[in-house]
Novice: 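Could you have a look at this structure, given as C-alpha cells, before my questions?
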Amino acid sequence: MAKIIGAVGTSHIPAIGGAIHKGVQNDPYWQPFFGGFPPVQQWLGQERPDVVVMFYNDHGLNFFLDKMPTFAVGAAPQYLSADEGWGIPAQPPVPGCQDLSWHLIEALTEREFDVVTCQEMLLDHAGTLPLKLLWPEGDGQGGWPVEIVPVCINTVQFPLPKPGRVYALGRAIGEAVAAWQSDKRVLFVGSGGLSHQLDGKRAGHINKGFDLQFLDSMVSNPEWATRYTNHELVELVGTQGVELLMWLAMRGALVAAGPGVREVHRNYHIPISNTATAVLALTT
Amino acid sequence: MAKIIGAVGTSHIPAIGGAIHKGVQNDPYWQPFFGGFPPVQQWLGQERPDVVVMFYNDHGLNFFLDKMPTFAVGAAPQYLSADEGWGIPAQPPVPGCQDLSWHLIEALTEREFDVVTCQEMLLDHAGTLPLKLLWPEGDGQGGWPVEIVPVCINTVQFPLPKPGRVYALGRAIGEAVAAWQSDKRVLFVGSGGLSHQLDGKRAGHINKGFDLQFLDSMVSNPEWATRYTNHELVELVGTQGVELLMWLAMRGALVAAGPGVREVHRNYHIPISNTATAVLALTT
Amino acid sequence: MLPEIEGTTPFDSTMARRGYALNKMCFSFNHQANREAFRADPEAYMRQYGLTPQQADAIRSGQVLAMLEAGGNAYYLAKFAGIFGLDMQDIGAQQTGMTKTEFQAKLVAANFQ
Amino acid sequence: MLPEIEGTTPFDSTMARRGYALNKMCFSFNHQANREAFRADPEAYMRQYGLTPQQADAIRSGQVLAMLEAGGNAYYLAKFAGIFGLDMQDIGAQQTGMTKTEFQAKLVAANFQ
Ligand SMILES: [Fe+3]
Ligand SMILES: [Fe+3]
C-alpha cells in the first residue's frame, strides 16, 4: 500500500515566481516569506515523497467559462506551464503520475464525485510554485524529485463547491491513496490563500484573526471552516482568500493517514503582493 | 412555480439527420422509425412546453479527452451545431434558457453534484435531432417553439457515472425545476440508445429482450436499470447502448412531477443504422 | 478486474492512455480543412499528431479493429471513417468479417431474438 | 438573496452572464500575439470579441471598477492589467482611490489587526 507522509499548505502568487526568477529571495521584502520554507524542505528531504497530489485552483490558464469544471483531475504524462498573460517565463514541465491519476479518477467516480478527466493540462503558477518552494533545486536540469497529480478546484465562478464538499473530496482522495497498491510515498499539497482580495472597493482586505484561527484548525479541528458558506468565507477572507478551499481538501486527504496530526512547521507573513501568506506542514 | 409536462426518450443517430435532410422519412426503410413520432408531436402540440431539459451525450464535438466532464450543464444564450466530421449540414441554432440553466447549476452544486458550467457549447446530433423529431417544423425559419438547457453525460470514457448517480442527477434536476419560480412549462428529453454497438468484433450487438424490459421499467419501475453496473450494461446493451443512461436521468427528473406516470406513446424498431431505436413519451 | 465481454473492449483508462494521440488526431477531423490536410499527406498529418508506430500502422491498414487495439475510441474513430465515406454498417461488416449484406441481415434478425 | 458584502461583488451567475465577451477577450491575452494585436488596434480587437458598449467603455477608461461592473472577473482581468505592466498593488490602489504607497501601508497595517 502507498504511504501518506504528510501534507503542506502554501500560498501562491505570480510575483513569487518573479522573485525566484530574479533570485531576490533574501531581499528584506521577500525573506519573511521564503524564510518559512527551509524547515519544510528539510523535513521533505528526510521523508522523500515520490508523488504529490496537488490541490490548486486555475487562474484562467487551462480553463475558461465555456467549460468550467467544479473538480478536474489531471491524468497527463506531464504538465506544461505557459505564459499566463504577463510574459513571466514558463516553469519547466512536471512529470505526472498517471497510475495514481487513474486510480483516483476511478475511486472518485465510484464514490459519486463527478470529476473532469484531463489527459492534457496546462499548470499555472498555483500548480507550479509550490514545487519550486518545496524543492528549489527542482528542474535546474536534474529533473524533479516527485511526480504529481493535479486536482483543480473551481474558485473562479460561483457557485463554488461547498466547503464540506471540498473537504469530502479530500477525504475520498486520501482514502483512495491509502488503498493504492503501490510502494510510493505520497504528499498532499494545498495551494492557495490565505486572506486576500484583488478586486473591488474592498481590494486589499486581509483578515489576520481568521487566518490564524484557520491555521490552528488545520492541526486540531480540520472541519472547522466547513461551518461557513462560500459567501461567508468571501466576506471573511476576501474574494481570492476563498482559495483556502485548497487547504481544506488537503487536510481532508490527510485524515486517511490516521489520527494524531502533528505540526512540522508553520510561517505566516503579511503582505506579499496583496496577500496574507502562509506555509504549514503537517504529518501524523 | 414551473410546470413539468412530461418526458420523452428517443434514439439519436447521425443518419437520421441525413434522412431528414433528404426528405425520405416515408421511405420503407425509414417509415417504421419516423412513424413513431406523430402521436408524440400531437401530444406536445397540446401540452406546449416552453423549455426542454435535454439529457444527451456528446460524441466528440464539444468535448475531448483533455477536458472530459462527467456532467456538463449548458448555460449559453444559444447553442450552435457544427460539422461532426461527416460534412452533414449543421442544424440551425437553438435558443438557450439561461435562467433555468443557472437555476439548475446552483441547485445541483448545493446538492453536491460537481457539474461543469458551459457558457458556450456546440450541440451535436444527439442534442439537436430530438428537437427535429419532436418539432419537425422547428426552424424552417420561424424559430423553435422551445428553449433548451442541455445536460451532457459522459458515455465516451470509462469510468462513466454510475447508473444510480445518473438517476440521482435526474431527480435533483426534476426537483429543482419543480421549485423554479417561473410560469414556464418544462419537458425532459433523454437522447440515446437503445441497444447498439459500433465497435469491436461484437459490432451489431442488439438485445431486444433487455430493451423491451427497459422500456417497461421506464413506466412503472424507473430505478430498475440502476441495479446494473455500467460494465454490465455494456455487456447487455452494447458499448453505445449504455447511452440509455440519458433515459435514466430523464426518468429520474420526471419523479418530481408526482406519482402515477402514464405512457403517452411508444415505438420500438430494429434497426436504423446499427441501432435498436425507440421513442417513449411519458406524463403524470 | 472486471470480467471480459466477448468481442468488446470498453474504452477505459488503459485504452484512454494508449490512444490519446490517435484520438486527438481523429477529433481534429471535425474540421473540413483538417480532413483535407490528412487526405493530402496522411504521413505528415500523423507525424504532426505524434501517432505511435502501432497507431500509424493501424491507420494505414484501414482496419478498425487495429485502430481500436491501438487505443482508438469509437466516437472519435467515426470521424476518421467519415473521410472515406464509410457508414456504420460498412464499419460493422469490416469488424465482423461479414459482407455488408450479411451484416444488415444480422441486424434485422435481432427482431426475432 | 445573499447578503451584500461591502465593496465586493462575487462573480456569480449574474456577473458571469454579463461579462462573457469581456472575459473571453481577457482570456485570449494569455497569448503574446493577442496582447500585441490588442495593443496595435484595441477597437478592432474589442469588436472581434463582441464587447458590449459598457464593456468597451470600461476597457477604454482603464478603470478596473468599471470593468468589474461590466462583468469582468478578477482572474481574467489580471491578464488585461498585464498588458500595461500594472501589478496587483497598482490595481488595488486604483480601486480604493489611494496612492500605491497608501495602499501598501494599508496592507502592512493588517499585521496589527
Ligand atoms: Fe490564487
Ligand atoms: Fe449516440
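The model shown is predicted, which means the values in this text are computed figures rather than measured ones. Every heavy atom of this structure was used, including side-chain atoms; hydrogens, water molecules and symmetry mates were not. Quick note on labels: first sequence line is chain A, next is B, and so on, each numbered from 1.
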Novice: Distance check, rounded to the nearest 0.5 Å: C:Asn30 atom CG versus B:Trp86 atom CH2?
Specialist: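 Answer for the CG-CH2 pair, C:Asn30 versus B:Trp86, is 8.0 Å.
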Novice: Looking at side-chain heavy atoms only, is the closest gap between C:Tyr20 and B:Phe64 below 4.5 Å?
Specialist: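 C:Tyr20 vs B:Phe64: side chains touch.
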Novice: If you count heavy-atom pairs under 4.5 Å between each of C:His31, C:Gln32, C:Lys24, C:Met98 and chain B, which one has the most?
Specialist: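 That would be C:Lys24.
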Novice: Report which part of C:Ser13 has an atom under 4.5 Å of a heavy atom belonging to chain B: side chain, backbone, both, or neither.
Specialist: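 The answer is the backbone of C:Ser13.
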Novice: Check the surroundings of atom CD in C:Glu36: do more than 12 heavy atoms from other residues, nucleotides or ligands lie under 6.0 Å from it?
Specialist: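 More than 12 heavy atoms, drawn from other residues, nucleotides or ligands, come within 6.0 Å of this atom.
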Novice: Side chain, backbone, both or neither: which part of C:Val108 has an atom under 4.5 Å from a heavy atom of chain B?
Specialist: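 For C:Val108, heavy atoms of backbone and side chain both lie under 4.5 Å from chain B.
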Novice: Given the options B:Ile13, B:Val234, B:Leu198, B:Leu160, which has more heavy-atom pairs under 4.5 Å with chain C than any of the others?
Specialist: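 Of the options given, most contacts go to B:Leu198.
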Novice: Which bit of C:Asn23 is near chain B, if near means a heavy-atom gap under 4.5 Å: side chain, backbone, both or neither?
Specialist: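 For C:Asn23, the contact with chain B is made by backbone and side chain together.
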Novice: Do you know the tightest heavy-atom contact between B:Ala203 and C:Gly92?
Specialist: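 Between these two residues, the closest heavy atoms are CB-CA, 4.2 Å.
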Novice: Given heavy-atom pairs under 4.5 angstrom as the criterion, report whether the side chain, backbone, both or neither of B:Asp66 touches chain C.
Specialist: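 Both backbone and side chain.
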Novice: I'd like to check C:Ile5 versus B:Arg202 (side-chain heavy atoms, cut-off strictly below 4.5 Å). Are they in contact?
Specialist: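 Yes; the side chains approach each other to less than 4.5 Å.
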Novice: Taking every non-hydrogen pair under 4.5 Å, which of C:Thr8, C:Leu65, C:Leu68 racks up the most with chain B?
Specialist: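 Between C:Thr8, C:Leu65, C:Leu68, the count favours C:Thr8.
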Novice: Quick one: what part of C:Phe80 sits under 4.5 Å from any heavy atom of chain B, side chain, backbone, both or neither?
Specialist: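 Neither the backbone nor the side chain of C:Phe80 comes within 4.5 Å of chain B.
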Novice: Evaluate the side-chain proximity of C:Gln104 to B:Pro271: yes if any heavy-atom separation is below 4.5 Å, no if none is.
Specialist: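 In short, these two side chains do not touch, never coming nearer than 4.5 Å.
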Novice: Decide yes or no for C:Leu77 and B:Asp199: does some side-chain heavy atom of the first lie under 4.5 Å from some side-chain heavy atom of the second?
Specialist: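 Answer no - side chains too far apart.
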Novice: Heavy-atom cut-off 4.5 Å, strictly under: side chain, backbone, both or neither for C:Ala78 against chain B?
Specialist: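 Both parts, backbone and side chain.
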Novice: Can you check whether B:Lys201 reaches C:Gln95 side chain to side chain, under 4.5 Å on heavy atoms?
Specialist: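 Side chain of B:Lys201 against side chain of C:Gln95, heavy atoms only: no contact under 4.5 Å found.
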Novice: Picking from C:Lys106, C:Gln94, C:Gln89, which has the most non-hydrogen pairs under 4.5 angstrom with chain B?
Specialist: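 It is C:Gln89.
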Novice: Can you tell which part of B:Gln197 gets under 4.5 Å to a heavy atom of chain C, answering side chain, backbone, both or neither?
Specialist: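 The side chain, not the backbone.
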Novice: Contact part of B:Asn57 toward chain C, heavy-atom cut-off under 4.5 Å: side chain, backbone, both or neither?
Specialist: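 Answer is side chain: those atoms of B:Asn57 sit under 4.5 Å from chain C.
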Novice: Please classify the contact between C:Leu107 and chain B as side chain, backbone, both or neither, with a heavy-atom cut-off of under 4.5 Å.
Specialist: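 Backbone plus side chain of C:Leu107, per the 4.5 Å heavy-atom cut-off to chain B.
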Novice: Run the ring pair (Phe, Tyr, Trp, His ring centres under 6.0 Å) test on C:Phe27 and B:Phe63 for me, step by step, so that the C-alpha distance in whole Å, both residues' side-chain angles and the decisive distance to 0.1 Å come before the verdict.
Specialist: CA-CA 9 Å; C:Phe27 181 66; B:Phe63 298 108; 9.7 Å; no
Novice: Determine, for C:Arg35 against B:Asp83, whether the closest basic-nitrogen to carboxylate-oxygen distance falls under 4.0 angstrom.
Specialist: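 The answer is yes: the pair qualifies as a salt bridge.
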Novice: Is there side-chain contact between B:His59 and C:Tyr76, with heavy atoms separated by less than 4.5 Å?
Specialist: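 Result no, sub-4.5 Å side-chain heavy-atom pair not found.
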Novice: Please name the pair of heavy atoms, one in B:Glu84 and one in C:Lys79, separated by the smallest distance, quoted to 0.1 Å.
Specialist: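 Residues B:Glu84 and C:Lys79, closest heavy atoms: O-NZ, 2.9 Å.
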Novice: I need the residue from B:Val156, B:Thr155, B:Val242, B:Asp58 with the largest number of non-hydrogen atom pairs under 4.5 Å to chain C.
Specialist: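 The option with the most such pairs is B:Val156.
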Novice: Who wins among C:Phe112, C:Phe103, C:Phe29 for the most heavy-atom pairs under 4.5 Å with chain B?
Specialist: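 Greatest number of close heavy-atom pairs with chain B: C:Phe103.
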Novice: Heavy atoms only: give me the nearest B:Lys208-C:Gln113 pair and the separation to one decimal.
Specialist: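 Nearest heavy atoms, B:Lys208 then C:Gln113: N-OE1, 2.7 Å.
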Novice: Report the option among B:Ile206, B:Thr229, B:Asn230, B:Asn274 that has the most heavy-atom pairs separated by less than 4.5 Å from atoms of chain C.
Specialist: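 Greatest number of close heavy-atom pairs with chain C: B:Asn274.
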Novice: B:Phe158 vs C:Met15, test: side-chain contact (heavy atoms from CB on, under 4.5 Å). Steps then yes/no.
Specialist: CA-CA 10 Å; B:Phe158 283 76; C:Met15 302 314 281; over 6 Å; no
Novice: Would a distance-only check, ignoring hydrogens and angles, find a side-chain to backbone donor-acceptor pair under 3.5 Å from B:His231 to C:Leu2?
Specialist: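 Between the backbone of C:Leu2 and the side chain of B:His231 there is no qualifying donor-acceptor contact (under 3.5 Å).
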Novice: Under a 4.5 Å cutoff for heavy-atom pairs, which residue among C:Thr96, C:Thr9, C:Asp12, C:Asn111 has the most contacts with chain B?
Specialist: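 Ranked by contacts with chain B, first place is C:Asn111.
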Novice: Grab the two heavy atoms, one from B:Gln240 and one from C:Ala74, that are nearest each other, plus how far apart they are.
Specialist: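 That would be NE2-CB, 3.6 Å.
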